[in-house]
2 protein chains.
Amino acid sequence: MKRSSISDIAKRLGVSNTLVSMVLNGKAKENRISEETIKRVFEVAKELNYQPNQLARGLRTGKSKTIGLIVADISNPFFSRIGRKIEDEASKYGYHVIFCSSDENTQKTKTLINVLNERQVDGFIISPTAGSQQQIKELLDSDIPVVLIDRYFTELETNYIAIDNYTSSYKIVKSLIVQGYKRIGSLFFNTDMVHMKHRMNGYKDACKEAGIQLDERWIRNVDFENLEESIKKEMKALISPEIDCDSFFFPTGELAVKSLEGLAEDDIHIFNHTGISCFDDPEAFHFSPFPVITLTQPINEIGNKAIDIIMEEIESENEVDSPRKVILDSHILERRYESH
Amino acid sequence: MKRSSISDIAKRLGVSNTLVSMVLNGKAKENRISEETIKRVFEVAKELNYQPNQLARGLRTGKSKTIGLIVADISNPFFSRIGRKIEDEASKYGYHVIFCSSDENTQKTKTLINVLNERQVDGFIISPTAGSQQQIKELLDSDIPVVLIDRYFTELETNYIAIDNYTSSYKIVKSLIVQGYKRIGSLFFNTDMVHMKHRMNGYKDACKEAGIQLDERWIRNVDFENLEESIKKEMKALISPEIDCDSFFFPTGELAVKSLEGLAEDDIHIFNHTGISCFDDPEAFHFSPFPVITLTQPINEIGNKAIDIIMEEIESENEVDSPRKVILDSHILERRYESH
DNA sequence: TTGAAAGCGGTACCAG
DNA sequence: CTGGTACCGCTTTCAA
């Protein structure tokens with residue numbers, strides 16, 4: 001069955017394309033088209049199984065009804081869950097989402113922004129990577145709606161949605177300390193993004209304020225490239241007799257999971273009395289035999305807000321007022337699965 | 001900075017749109033355009049920051065360079081990992097992916113197929129839902145490339161990629177039995193999809209062949225709606241004194257995780273000697289204190305093959321030969337995290 | 001070597 | 001109540 005177009009319907013009925021277009025777009029009433037004609041248009045449209053061509057419509061109207069989502073990695077549960085929420089919310093507005101993974105790579109982010117632009121997306125939701133503020137700035141300058149999620153740039157006046165990373169991280173580490181841990185090792189991504197810095201500062205301050213003398217060797221950096229290897233190396237340092245940490249703070253769930261898995265691969269297993277804590281609430285710890293302090297983020301709210309803001313901007317003709325900066329709450333969770 | 005078009009470039013140079021288009025599409029050589037002109041076109045294109053409008057191009061060429069991916073739920077790790085692979089592979093061909101979640105809902109699937117069609121996607125990769133074979137059939141009839149993943153319809157001649165569900169399930173249950181379990185409870189989604197049936201048959205046959213007298217009460221069905229509640233109810237039946245299962249087989253990782261989490265919510269925790277087994281290899285069991293038998297599926301291969309096949313069909317002009325039916329290997333994994 | 005013109009499928013504007 | 005016409009930005013003959 002070949003695709004039919006508006007003019008197929010028009011020809012069949014001996015009317016103009018204009019009329020058919022108006023009827024199909026619900027503008028029949030305001031143009032006072034006869035009931036009879038309206039009915040016949042719909043009949044023929046159904047009969048020919050008419051489906052509007054969104055490319056054509058988009059070309060004409062300048063709206064693709066598509067939003068571009070760029071995250072570090074869509075297979076990371078944190079992002080895929082946000083992605084799902086965004087998908088659902090966007091669809092309420094008749095929008096669809098193109099998902100892209102940047103792998104925290106600046107060059108890739110640049111390319112992705114470009115190709116999404118070529119596809120005329122009506123807005124961007126981005127979890128930005130270090131070094132990409134120039135790209136983001138160009139987007140802003142071109143007046144296309146942008147919302148950043150999870151991270152943002154302090155130097156850039158943009159919409160963003162995030163949690164209070166400093167406080168969250170402070171709370172997590174504080175909880176560890178309350179439980180009696182005194183030598184808290186940590187792994188950070190080697191990046192300039194402020195969310196990482198904030199998470200690090202929260203960790204440091206929680207230690208300091210508890211009177212814990214921070215040992216610089218407790219703080220290790222890992223690279224995005226060769227992540228697994230890098231993690232293994234640093235974790236082994238942290239548990240070595242010289243450093244001998246009794247607990248860990250991980251600024252992302254991914255780091256936490258990969259760290260413990262990395263050790264397990266080399267048959268190094270965590271002791272039940274080792275303190276583990278991290279951002280996010282990775283599924284991997286839902287049946288953990290050892291206690292883990294996690295931080296649940298308001299995934300649904302992030303997705304919700306992101307679409308709210310982006311839609312507001314897309315649908316408002318006039319220039320955007322001041323950017324919306326949203327900081328959401330996060331919650332500490334103490335996990336431990338007790339099997340018998 | 002306003003978007004510039006081909007004609008902006010053409011005007012600036014005092015040449016025709018045709019020429020600019022040809023140069024920009026690398027067809028300069030075959031049309032013997034002068035080096036000088038080529039150079040200037042590129043210069044001006046860069047200067048004006050030209051970005052081709054893919055909607056316009058798509059409208060003209062009939063190719064949107066987009067593929068539609070429909071899965072049950074993109075936030076399910078099994079699907080998000082496949083999605084990521086598909087994204088990566090597609091991008092090698094200059095294609096992008098619109099992700100959609102069907103929630104295993106027939107009506108929603110129908111709608112999604114429609115809107116993706118309106119967006120002129122060049123191909124579909126679908127993990128189909130029960131009751132949607134009519135839709136799939138219509139897609140096939142309209143000669144648009146389709147690849148099914150994870151599941152398929154026996155009555156439909158389509159491309160598909162899946163694993164051998166019967167054998168996989170048989171192997172899993174067999175492993176449980178070898179470990180001495182004798183009363184194996186199970187939870188199945190209440191669906192007509194063959195993959196579920198195959199998984200059920202593998203389970204049944206493994207029991208039978210081991211001389212285990214199957215108790216019909218061991219086999220419970222859960223609904224997609226009210227999944228969590230439904231699971232809780234059935235799990236409680238399975239562990240009740242009357243039925244008293246000593247182990248479980250779950251045909252998906254999601255079911256396994258939700259089952260144990262559901263019980264834990266009501267403070268019912270699994271015994272270390274309870275046998276747990278499931279399809280997929282959910283992260284939730286990576287630090288499980290109790291032993292779990294899981295089944296790793298070849299995620300990357302599934303994504304790879306899906307794109308291979310879809311691209312082959314998209315790029316070949318002529319009618320498709322016979323559908324490609326791919327069955328991939330899966331692997332049993334015995335997990336248990338030993339903490340001290 | 002290059003250009004003119006048509007057309008992909010819609011929508012918008014202006015007439016009648 | 002309805003139609004004509006231009007045009008969104010690009011590709012594709014065909015002609016020069």
Side-chain angles (χ1 to χ4, degrees), chain A residues 2-41 44-45 48-66 94 115 117-122 317, chain B residues 2-41 44-45 48-66 94 115 117-122 317:
Chain A
K2 246 201 74 222
R3 284 183 168 136
S4 55
S5 68
I6 276 194
S7 73
D8 292 329
I9 302 178
K11 263 182 217 135
R12 183 81 87 93
L13 285 168
V15 299
S16 72
N17 293 1
T18 313
L19 187 149
V20 176
S21 171
M22 288 189 305
V23 172
L24 261 21
N25 286 299
K27 294 181 182 163
K29 283 282 170 290
E30 65 202 63
N31 289 287
R32 293 177 293 159
I33 291 168
S34 71
E35 285 302 334
E36 179 56 21
T37 314
I38 295 179
K39 206 174 118 238
R40 288 191 311 162
V41 168
V44 176
L48 295 183
N49 190 26
Y50 172 72
Q51 295 187 296
N53 181 327
Q54 289 293 350
L55 295 191
R57 182 180 285 176
L59 176 60
R60 178 66 239 227
T61 62
K63 302 243 132 300
S64 64
K65 293 269 194 177
T66 308
V115 297
N117 247 328
E118 292 179 359
R119 279 160 184 279
Q120 316 294 118
V121 297
D122 296 334
E317 301 300 306
Chain B
K2 249 203 69 221
R3 285 185 167 133
S4 54
S5 69
I6 276 193
S7 73
D8 293 330
I9 301 177
K11 264 181 217 134
R12 182 80 87 92
L13 285 168
V15 299
S16 72
N17 294 0
T18 314
L19 188 152
V20 175
S21 170
M22 288 190 305
V23 171
L24 260 22
N25 286 299
K27 294 182 181 162
K29 283 282 170 294
E30 63 202 64
N31 288 289
R32 292 175 295 157
I33 290 166
S34 70
E35 284 303 333
E36 179 56 20
T37 315
I38 296 179
K39 205 172 118 240
R40 288 190 312 163
V41 168
V44 176
L48 296 183
N49 191 25
Y50 171 72
Q51 295 188 295
N53 181 326
Q54 288 292 350
L55 296 191
R57 185 181 291 190
L59 177 59
R60 177 66 235 227
T61 61
K63 301 243 133 299
S64 64
K65 291 266 190 181
T66 306
V115 297
N117 246 328
E118 291 179 359
R119 279 158 185 277
Q120 318 293 120
V121 297
D122 297 334
E317 301 301 306

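From a predicted model like this one, the values you see are computed outputs, not experimental measurements. Just so it is clear: chains get the letters A, B, ... in the order the sequence lines come, proteins before strands, and each one is counted from 1.
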**Study point:** Length of the line joining A:Leu48:CG and C:dG9:P, which is rounded to integer Å
**Key:** 14 Å
Practice item. With the side chain counted from C-beta on, respond yes when B:Lys65 and A:Arg119 share a heavy-atom pair under 4.5 Å apart, and no when they do not. Key: yes
Check your understanding: Quick one: what's the B/S/- string for nucleotides 10-16 of chain C, heavy-atom cutoff under 4.0 Å, read 5' to 3'?
Key -> BBBB---
Check your understanding: Is the side chain of B:Ser21 donor-acceptor paired with the backbone N or O of B:Asn17 at a distance under 3.5 Å, no angle test?
Key -> no
Exercise for review: Using the test side-chain contact (heavy atoms from CB on, under 4.5 Å), find all partners of B:Gln120 that sit at least two apart in sequence or belong to another chain.
Suggested key: A:Arg3, A:Asn53, A:Leu55, B:Ser64
**Study point:** Outermost DNA chain D nucleotides near chain B [under 4.0 Å, heavy atoms]
**Key:** D:dG9 to D:dT13
Practice item. Would you indicate whether the side-chain heavy atoms of B:Leu24 and B:Tyr50 approach each other to under 4.5 Å? Key: yes
Review point. Going through the distances and angles, do A:Ile33 and A:Met22 end up as a side chain to side chain contact (heavy atoms under 4.5 Å, CB included)?
Key: CA-CA 9 Å; A:Ile33 291 168; A:Met22 288 189 305; 3.6 Å; yes
Practice item. Quick one: pull up CG in B:Asn49 and CG in B:Asp8 and give me the separation to the nearest 0.5 Å. Key: 12.0 Å
**Study point:** Gap between atoms CD and C1', on B:Glu36 and C:dT2 respectively (whole Å)
**Key:** 15 Å
Exercise for review: Would you check, one step at a time, whether the test side chain to side chain contact (heavy atoms under 4.5 Å, CB included) holds for B:Val41 with B:Leu13?
Suggested key: CA-CA 8 Å; B:Val41 168; B:Leu13 285 168; 3.8 Å; yes
Review point. Where each residue is assigned the nucleotide of DNA chain D containing its nearest heavy atom, which of A:Ser34 and A:Leu59 is assigned the position nearer the 5′ end?
Key: A:Ser34
Check your understanding: Rounded to the Å, how far apart are B:Gln54 CD and C:dC8 C1'?
Key -> 15 Å
Review point. Could you state the interatomic distance from CG (B:Asn25) to CD1 (B:Ile6), rounded to the nearest 0.5 Å?
Key: 7.0 Å
Point to revise | Interatomic distance, B:Leu13 CG vs C:dT1 P [rounded to whole Å] | key: 17 Å
Point to revise | Degree of bending in the helix from C:dT1-D:dA16 to C:dG16-D:dC1 once both end axes are built from five pairs, to 10° | key: 40°
Exercise for review: Return the set of residues passing side-chain contact (heavy atoms from CB on, under 4.5 Å) with A:Lys39 (not counting sequence neighbours), or none when no residue passes.
Suggested key: A:Glu36, A:Glu43
Practice item. Please list, chain by chain and in numerical order, all residues satisfying side-chain contact (heavy atoms from CB on, under 4.5 Å) with B:Arg12, sequence neighbours excluded. Key: B:Val44, B:Glu47, B:Leu48
